[in-house]
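A short worksheet on the structure shown next.
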Amino acid sequence: MNKKQKMIKLTAKRTKARKNKHTAPTVKKYISKSDRAKMLAQEEAEAALKTTVEQNDGAETQNK
């Protein structure tokens with residue numbers, strides 16, 4: 001392999017390595033304990049509302 005080919009191969013390898021290093025950051029934003037508690041309470045409220053609506057729909061179909 002001559003010098004020019006060797007340099008091209010080396011620069012291509014370096015470019016590929018540089019490109020592979022850049023991935024999207026996976027650092028998540030900090031969520032305080034109180035915010036987590038609020039989110040959990042909201043999810044539980046939505047789940048309870050959903051089950052209530054489903055039960056009401058089931059009761060209406062049985063009454064008809």
Side-chain angles (χ1 to χ4, degrees):
M1 187 182 309
N2 63 26
K3 273 188 175 182
K4 188 174 183 179
Q5 287 174 328
K6 192 173 186 178
M7 289 302 295
I8 291 170
K9 187 175 183 180
L10 189 62
T11 54
K13 190 175 182 180
R14 286 181 185 160
T15 305
K16 184 179 178 187
R18 258 188 254 117
K19 186 179 179 184
N20 289 339
K21 282 184 185 177
H22 296 290
T23 58
T26 57
V27 177
K28 295 179 182 173
K29 184 181 173 190
Y30 176 75
I31 300 173
S32 68
K33 195 173 184 179
S34 62
D35 289 342
R36 279 182 273 155
K38 287 177 189 175
M39 289 178 8
L40 180 64
Q42 185 178 7
E43 288 176 7
E44 289 175 348
E46 289 173 356
L49 181 65
K50 184 178 177 183
T51 56
T52 305
V53 169
E54 288 175 353
Q55 288 175 352
N56 288 341
D57 288 343
E60 288 176 3
T61 55
Q62 290 177 356
N63 291 336
K64 288 183 179 182

Applying side-chain contact (heavy atoms from CB on, under 4.5 Å), name anything that partners Lys4, two or more places apart in sequence or on another chain. Asn2, Ile8
In Å, rounded to the nearest 0.5 Å, how long is the span from NZ of Lys16 to OG1 of Thr11?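 With rounding to 0.5 Å, NZ (Lys16) is 13.5 Å from OG1 (Thr11).
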Distance (rounded to the nearest 0.5 Å) between Lys13 NZ and Lys9 NZ: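 NZ of Lys9 is found 7.5 Å from NZ of Lys13.
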Quick one: does Arg18's side chain get under 4.5 Å of Arg14's, heavy atoms only?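 Yes; the side chains approach each other to less than 4.5 Å.
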Can you pull the side-chain hydrogen bond (donor to acceptor under 3.5 Å, both in side chains) pairs that have at least one residue in residues 29-38, sequence neighbours excluded?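 Non-adjacent pairs meeting side-chain hydrogen bond (donor to acceptor under 3.5 Å, both in side chains): Ser32-Ser34, Ser32-Asp35.
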Strictly by side-chain hydrogen bond (donor to acceptor under 3.5 Å, both in side chains), give each pair with a member in residues 43-53 just once, sequence neighbours left out. none
